[in-house]
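Notes follow the structure.
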Amino acid sequence: MAPFDLWLCFLAAAAAAAAAQQLPGTWEVLVENAGIASMHSAVTRLGTVVLLDRTDIGPSQLSLPPGRCRVDPTDRLLPKQDCYAHSVLFDPSSLEIRPLTVQTDTWCSSGQFLPDGTLLQTGGDLDGLRKIRTFRASSEPADWLELSSPELLAGRWYSTNQILPDGSVIIVGGRAAPTVEFYPPRPATPRAFPFLATAADPQMDNLYPYVHLLPDGHLFVFANTRAVLYDAASGAVLHEYPPLPGGPRNFPSAGSSAMLALSGDFSAAEVLVCGGAQYGAFVQRAADAPAGATCGRINAMATAPAWAVEAMPFPRIMGDMVMLPTGEVLIINGAMAGAQGFGLAQDPCLHPVLYRPTEPQGLRFMTLTPSEVPRMYHSTANLLPDGRVLVAGSNPHQFYSFDGPFPTELRLEAFSPEYLSPDRANLRPAVAAAPEKVRYGEKFQVEVTTELPVVGILEVNLASAPFATHSFSQGQRLVKLVVSPPAPAAELTSHRYTVACVAPPSGKVAPPGFYMAFVVNQGVPSVARWIQVLL
């Protein structure tokens with residue numbers, strides 16, 4: 001290459017680096033080696049994070065304590081004794097990692113938090129196909145509990161869980177399982193859900209269906225390119241929505257979905273579905289097939305719902321959608337070509353994108369600071385109580401492999417959105433007092449302190465803690481509470497306010513359980529307080 005060409009390349013690289021530095025958001029590597037590659041993740045009510053891979057994957061890089069080894073004669077790599085951790089508990093405040101013991105295979109399983117804060121974990125492959133597991137975070141060292149009874153009524157591999165208004169959980173679909181069932185168990189047999197079967201195609205594309213609980217109590221269920229309104233109580237399909245153009249969106253075609261923040265009188269619920277692979281990329285193993293770049297948005301409770309389609313700045317598969325405390329959606333992780341599966345994607349999408357739902361169409365997407373770590377197949381993203389987003393995993397290989405362009409990734413990173421930038425620190429509120437528990441429709445107060453006088457409304461927003469896996473956060477929702485303007489607190493303390501709030505009206509709007517309660521001041525969220533919403 002000629003010297004002039006080298007100089008041009010240098011200038012281009014310098015310009016790209018400078019542009020990246022000017023984009024919003026910052027990255028930080030929290031842990032260089034978490035010991036496992038996280039396929040699934042969930043934030044507990046204590047602020048710790050459960051990271052979960054699969055068994056039957058061979059040695060991880062973290063050993064179990066003595067006496068906790070797993071024995072599985074059918075294990076292809078460690079048939080006699082597996083003394084390696086395949087799940088860990090991570091504490092973001094101390095950066096400590098503690099190995100957890102899981103006995104049955106959790107590959108491509110599902111999960112959801114129960115009203116008491118217990119993590120319900122269902123299904124998987126091989127000996128885990130019908131298993132139910134629980135993890136209950138506590139001040140004492142906790143571990144996975146494998147239930148001997150009940151078991152799932154059908155084998156659930158690539159299924160989706162959603163908590164319902166009464167606190168029970170519906171478990172939807174899975175490979176060769178176009179049915180639903182419930183936890184705690186209801187009927188003696190799985191209930192047929194023919195929509196899932198008709199949504200399948202020769203490369204499946206109906207797995208890990210996107211399930212959202214609408215504030216009228218019905219379920220919005222999306223698979224492939226189609227969606228229906230489903231009555232979980234009766235099993236009836238109440239409405240079929242128009243197909244979403246742009247190709248398949250579910251596993252293995254790897255789009256993502258989120259329900260936008262619920263607010264006001266809770267009479268509307270907008271669902272966002274973004275990205276996906278070209279049809280055929282999975283079966284043809286076309287790792288270079290360009291991904292889709294469109295998002296569809298629909299008001300699922302409208303009289304005549306229709307999709308509005310817009311384009312993202314980057315094509316993306318395997319992106320994770322994280323509801324931020326502000327009501328904006330972070331789209332992060334993934335690739336720009338291929339499909340889900342081992343070695344079926346390339347060209348990582350390193351730039352997160354912020355989706356701002358209240359902006360006019362055409363101005364909703366903001367490109368953010370890129371990561372230096374590709375997060376491909378089997379990666380996750382979760383909102384933390386301090387407002388950061390924990391990013392984990394990436395293992396586009398059947399087993400652990402640290403060679404090649406996309407090695408198994410053991411680092412844990414945190415992405416800090418622009419609202420955590422130093423120039424906004426004086427806007428960040430702090431929660432001085434809040435109730436630990438509230439009941440539906442209850443009026444309560446939150447006391448807040450700020451560095452500067454408050455201008456305008458302080459929002460109080462409840463964010464669920466979802467179960468993140470395979471580009472979809474099961475059970476994710478953000479509820480903006482009805483609040484009154486902040487009033488100076490009685491103590492006459494400088495910049496201390498009382499915000500009068502009304503709890504969600506019912507479990508249809510916010511199913512019972514633990515929520516991160518964020519106070520948001522001019523787009524800047526506090527550190528959350530955990531509030532349990534009770535039936």
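No hydrogens, no waters, no symmetry mates; every other heavy atom, side chains included, goes into these values.
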| field | Lys/Arg N to Asp/Glu carboxylate O, R186 vs E181, below 4.0 Å | value | no
| said: Would you compute the distance between atom CE of M318 and atom CD of Q340 and round it to the nearest 0.5 angstrom? | reply: 6.5 Å
| task | Over 60° means perpendicular and under 30° means parallel, so classify the ring planes of W307 and F222, tilted if in between. | result | perpendicular
| message | I want to know whether Y84 and H86 have ring centres closer than 6.0 Å. | response | no
| note | d(L354 CG, T367 OG1) to nearest 0.5 Å is 10.0 Å
| request: Using distance alone, with no hydrogens and no angle criterion, decide if Q203 and D205 have a side-chain donor and acceptor under 3.5 Å apart. | output: yes
| task | Mind telling me whether F251 and Y208 have parallel, tilted or perpendicular rings, with 30° and 60° as the class edges? | result | perpendicular
| query | Would you call Y230 and F193 a side-chain contact if the rule is heavy atoms closer than 4.5 Å? | reply | yes
| Residue pair T225 / R249, side-chain donor-acceptor N/O under 3.5 Å | no
| Between D91 and R98, is there a side-chain N and carboxylate O pair less than 4.0 Å apart? | no
| message | Can a side-chain donor-acceptor contact be found between T74 and D72 if the only test is distance below 3.5 angstrom? | response | yes
| said: Test your reading of the model: is there a side-chain donor-acceptor pair from Q121 to the backbone of S110, 3.5 Å cut-off? | reply: yes
| Residue R285 excluded, over 12 heavy atoms near CZ under 6.0 Å | no
| field | Straight-line distance of I163 CD1 to S168 OG, nearest 0.5 Å | value | 7.5 Å
| query | Is there side-chain contact between I171 and L152, with heavy atoms separated by less than 4.5 Å? | reply | yes
| Side chains of T179 and R156: is there a donor and an acceptor less than 3.5 Å apart? | yes
| Side-chain donor or acceptor of S464 paired with backbone N/O of G475 under 3.5 Å | yes
| Would M259 and L262 satisfy side chain to side chain contact (heavy atoms under 4.5 Å, CB included), going step by step from the backbone distance to the final call? | CA-CA 8 Å; M259 183 170 65; L262 302 175; 4.0 Å; yes
| query | Does one side chain, of Q346 or D288, offer a donor that lies under 3.5 Å from an acceptor on the other? | reply | no
| query | Is the distance between the ring centroids of F406 and Y377 less than 6.0 Å? | reply | no
| D127 side-chain N/O to D105 backbone N/O, donor-acceptor pair under 3.5 Å | yes
| Option from T408, N395, D53 for which side chain to side chain donor-acceptor pair (under 3.5 Å) with Y400 holds | D53
| query | Should the ring pair F135 and W144 be called parallel, tilted or perpendicular, given that the plane angle runs from 0 to 90° and is split at 30 and 60? | reply | tilted
| field | Side chain proximity check, L114 to Y183, heavy atoms < 4.5 angstrom | value | yes
| request: Decide yes or no for P417 and L420: does some side-chain heavy atom of the first lie under 4.5 Å from some side-chain heavy atom of the second? | output: yes
| Shortest non-hydrogen contact between A34 and I97, atoms and distance | CA-CD1, 3.5 Å
| Test item: T369 side-chain N/O and L23 main-chain N/O as donor-acceptor pair under 3.5 Å | yes
| message | For K131 versus S148, what's the shortest heavy-atom pair and its separation? | response | NZ-CA, 4.2 Å
| message | Please find the pair of heavy atoms, one from T380 and one from S38, that lie closest to each other, and give the distance. | response | OG1-OG, 3.9 Å
| message | If I take atom CG from residue N382 and atom CZ from residue F467, how far apart are they, to the nearest 0.5 angstrom? | response | 9.5 Å
| task | Please answer whether the main-chain N or O of R411 pairs with a side-chain N or O of E409 as donor and acceptor at a distance below 3.5 Å. | result | yes
| task | Please report the closest heavy-atom contact between L129 and G124, naming both atoms and the distance. | result | CD1-O, 3.2 Å
| query | Would a distance-only check, ignoring hydrogens and angles, find a side-chain to backbone donor-acceptor pair under 3.5 Å from S41 to V50? | reply | no
| field | Contact summary for I298 and A306, nearest pair of heavy atoms | value | CG1-O, 3.4 Å
| message | Under a 3.5 Å threshold, yes or no: a donor from one side chain and an acceptor from the other, between H470 and H378? | response | yes
| request: Classify the side-chain pair S379/S394 by whether it contains a donor and acceptor separated by less than 3.5 Å. | output: no
| Hey, what do you get for CG (D82) to CG (L64), rounding to the nearest 0.5 Å? | 7.0 Å
| Side-chain donor-acceptor pair under 3.5 Å between E310 and Y355, yes or no? | yes
| Would H218 and F220 count as a ring pair (Phe, Tyr, Trp, His ring centres under 6.0 Å) if you check the C-alpha gap in whole Å, the side-chain angles of each, and the deciding distance to 0.1 Å? | CA-CA 7 Å; H218 298 134; F220 178 93; over 10 Å; no
| Does the side chain of D201 come under 3.5 Å of the side chain of N224 through a donor N or O and an acceptor N or O? | yes
| query | Within the distance-only criterion (no hydrogens, no angle test), does the side chain of T160 pair as donor or acceptor with the backbone N or O of P209 below 3.5 angstrom? | reply | yes
| task | Please tell me if the side chains of P190 and V180 come closer than 4.5 Å, counting only heavy atoms from C-beta onward. | result | no
| query | Got more than 12 heavy atoms from elsewhere within 6.0 Å of CZ, R226? | reply | yes
| request: Could you label the plane-to-plane angle of the H212 and F472 rings as parallel, tilted or perpendicular, counting under 30° as parallel and over 60° as perpendicular? | output: perpendicular
| message | Side chains of L77 and D56, heavy atoms from C-beta outward: is any pair under 4.5 Å? | response | no
| For the atom pair OG (S60) and CG (L62), what is the distance rounded to the nearest 0.5 Å? | 5.5 Å
| task | Quick one: closest heavy-atom pair of L213 and P511, and the distance? | result | CD2-CG, 3.5 Å
| query | Under 6.0 Å between the ring centres of H397 and F342? | reply | no
| field | Sub-4.5 Å side-chain heavy-atom contact between V43 and L383 | value | no
| note | Exactly one candidate in F314, F415, F365 meets ring-ring contact (aromatic ring centres under 6.0 Å, His included) with H351; the answer is F314
| task | Output yes when a side-chain donor or acceptor of Q112 lies under 3.5 Å from a complementary backbone atom of Q474, and no otherwise. | result | yes
| task | For the pair Y158 (side chain) and S109 (backbone), establish whether a donor and an acceptor sit closer than 3.5 Å, ignoring hydrogens and angles. | result | no
| request: Could you go through the salt bridge (charged side-chain N to carboxylate O under 4.0 Å, His left out) check for D143 and R68 one step at a time? | output: CA-CA 11 Å; D143 211 336; R68 301 304 300 269; 2.9 Å; yes
| field | Basic-acidic side-chain contact under 4.0 Å: E359, R364 | value | no
| query | Would L229 and L214 satisfy side chain to side chain contact (heavy atoms under 4.5 Å, CB included), going step by step from the backbone distance to the final call? | reply | CA-CA 9 Å; L229 185 66; L214 305 180; 3.5 Å; yes
| field | Test: K80 and D75 ion pair at under 4.0 Å | value | no
| said: Does Y279 have more than 12 heavy atoms from other residues, nucleotides or ligands lying within 6.0 Å of its OH? | reply: yes
| request: Determine yes or no for a side-chain-to-main-chain donor-acceptor pair under 3.5 angstrom, with R356 supplying the side chain and L363 the backbone. | output: yes
| query | For Q361, does the CD atom sit with more than 12 other heavy atoms under 6.0 Å from it, leaving out its own atoms? | reply | yes
| Min side-chain heavy-atom separation R375-V391 under 4.5 Å | yes
